Structure formats: structure tokens, C-alpha cells
Amino acid sequence: MKRPWTLPILFLLCGSAVAAVFGRSPGQAAVILPVFVLLAAVNSPLVFPRSIGAGEARRLGATDGRPIVFWRPGCTYCLRLRARLGRDARRLHWVDIWHDPAGAAEVRAANDGDETVPTVFVAGRPHVNPDPEWVRAQLSA
């Protein structure tokens with residue numbers, strides 16, 4: 001199982017190395033390092049709402065009718081969905097497939113064995129990489 005913090009830690013380590021090697025002065029290093037810190041933050045699980053297990057997400061989704069988003073850290077399409085949803089993202093149920101094996105199995109079952117994310121389940125039907133505006137419309141429906 002891949003760890004969700006691997007990519008952000010790599011960005012921080014690479015940023016430190018690049019700042020140390022190419023930063024000829026403390027000012028240059030102070031410009032380089034924040035870029036890598038920003039990349040690490042954007043690719044970390046902190047950008048996404050709290051992830052829950054697939055079983056709990058199914059139970060809550062059946063109760064409140066809200067969509068379930070299966071995602072993984074480092075996925076640019078997941079980040080795009082999260083960013084375009086803005087505050088509405090907190091109204092969805094998020095399942096990190098790297099953290100929840102049952103969630104990964106659900107995504108593979110919906111995508112012919114592939115772990116393609118984001119996969120959004122609305123009323124029990126999977127939608128792979130849907131348009132963020134469509135997902136937002138599902139919240140108001």
C-alpha cells in the first residue's frame with residue numbers, strides 16, 4: 001500500500017536539495033523553497049476533506065444521498081475536482097483508496113480492474129473523472 005505522505009515528503013526533500021545547490025544566496029533559497037513547500041502542501045492529504053472508509057461512506061451516502069468520491073493523494077484530476085468544488089467539497093464523502101483497501105477494490109470493480117480516480121458514486125452508479133460542475137449539481141439535486 002502506498003503512503004499518502006510519500007509525494008509531499010519527496011517534494012520537501014527535493015526542494016531543500018535544490019535550494020541548497022542552486023540557491024547562491026539566502027534570498028534565492030528563500031524563493032525556491034516555498035515553491036516546493038506549496039507543491040508538497042497541494043499534493044498532501046491535508047488539501048482534501050477528512051477521508052472515511054468505503055463502508056462508512058456507503059452507509060452515510062445511503063442516509064443523506066450525498067455523492068462518494070474515491071481519490072488518492074498526488075492525483076492531479078482529484079486535485080482539480082477538489083479545487084473546482086471549493087467549499088462544496090466538504091459536503092461530499094471522500095474515500096482515500098491508498099488508505100482504504102475496500103475503497104480501492106470498489107474503484108477497481110467499477111473501472112474494469114483499474115484504480116482510476118476520481119471515481120464518484122452517485123446513487124450507487126460510478127462516474128469516472130466527472131466534470132466538477134456536474135458533481136456540484138448532484139449536491140443540490
Side-chain angles (χ1 to χ4, degrees), residues 1-23 25-141:
M1 177 82 40
K2 296 182 181 178
R3 303 286 181 230
W5 290 100
T6 302
L7 189 60
I9 289 170
L10 284 175
F11 274 124
L12 290 177
L13 291 174
C14 290
S16 299
V18 168
V21 172
F22 295 109
S25 69
Q28 285 179 329
V31 171
I32 294 170
L33 193 55
V35 170
F36 282 91
V37 170
L38 179 65
L39 284 170
V42 165
N43 286 287
S44 77
L46 298 176
V47 174
F48 291 86
R50 183 183 69 86
S51 287
I52 57 177
E56 183 182 355
R58 274 193 311 277
R59 185 181 57 75
L60 291 172
T63 304
D64 59 21
R66 290 191 260 168
I68 302 167
V69 180
F70 291 89
W71 70 285
R72 66 174 170 75
C75 168
T76 55
Y77 299 105
C78 298
L79 186 59
R80 173 184 155 261
L81 177 65
R82 168 61 183 100
R84 298 251 327 261
L85 287 174
R87 291 183 183 203
D88 287 335
R90 299 229 178 258
R91 296 175 51 203
L92 300 167
H93 302 295
W94 293 79
V95 178
D96 179 355
I97 66 167
W98 280 359
H99 187 63
D100 183 30
E106 243 180 273
V107 170
R108 284 191 303 271
N111 294 305
D112 297 324
D114 294 327
E115 288 186 353
T116 307
V117 288
T119 298
V120 180
F121 278 78
V122 177
R125 294 190 57 213
H127 304 273
V128 180
N129 198 14
D131 182 70
E133 298 307 316
W134 179 84
V135 175
R136 183 176 283 119
Q138 302 309 304
L139 285 170
S140 60

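Predicted, not measured: the structure shown is a model, and the values here were computed from it.
One finds the CD1 atom of Ile68 at 10.0 Å from the CG atom of Leu92 (value rounded to the nearest 0.5 Å). Between the CD1 atom of Ile52 and the NE2 atom of His99 there is a distance of 11.5 Å, given to the nearest 0.5 Å. Residue Glu115 holds its CD atom at 12.5 Å from CD of Glu106, rounded to the nearest 0.5 Å. Between the SG atom in Cys75 and the CZ atom in Arg80 there is a gap of 10.0 Å [rounded to 0.5 Å]. Taking OG of Ser16 as the start and CG of Leu33 as the end, the distance is 5.0 Å to the nearest 0.5 Å. Note that the CH2 atom of Trp5 and the CG atom of Leu12 stand 9.5 Å from one another [nearest 0.5 Å].
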- Task: Walk me through it: do Trp71 and Ile97 pass the test side-chain contact (heavy atoms from CB on, under 4.5 Å)?
- Result: CA-CA 6 Å; Trp71 70 285; Ile97 66 167; over 6 Å; no
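Here the shortest heavy-atom pairing between Ala54 and Asp100 reads N-OD2, 2.6 Å. For the pair Gly74 and Leu7, the tightest heavy-atom approach, listed with the atom from each and the gap, is CA-CD2, 3.7 Å. Nearest heavy atom pair, residue Pro130 against residue Val120, reads CG-CG2, 3.5 Å. Looking at every heavy atom in both residues, Pro132 comes nearest to Leu85 through O-CD2, 3.5 Å. Shown here for Val95 and Gly103, the closest heavy-atom pair between the two residues is CG1-CA, 4.2 Å.
Ring orientation note: the planes of Trp134 and His127 are tilted relative to one another, at an angle of 30° to 60°. The aromatic rings of Phe36 and Phe11 lie tilted to each other, with the angle between the two planes from 30° to 60°.
Shown are Val128, Thr116, Val107; of these, the side-chain contact (heavy atoms from CB on, under 4.5 Å) with Phe70 is made only by Val107.
Crowding of Asp112 atom CG: a count of heavy atoms from other residues, nucleotides or ligands under 6.0 Å not exceeding 12.
In this structure, Arg66 contributes its side chain and Arg91 its backbone to a donor-acceptor pair below 3.5 Å. Panel note: side chain Trp94, backbone Ala89; a donor-acceptor pair is recorded below 3.5 Å. At least one donor-acceptor pair closer than 3.5 Å links the side chain of Arg136 to the backbone N or O of Arg84. A donor-acceptor contact shorter than 3.5 Å links the side chain of Arg82 to the backbone of Gly86.
Using modelled atom types and a 3.5 Å distance limit, the side chains of Asn111 and Thr119 yield a donor-acceptor pair.
Side-chain atoms of Phe121 and Pro67, non-hydrogen and from C-beta on, never get closer than 4.5 Å to each other.
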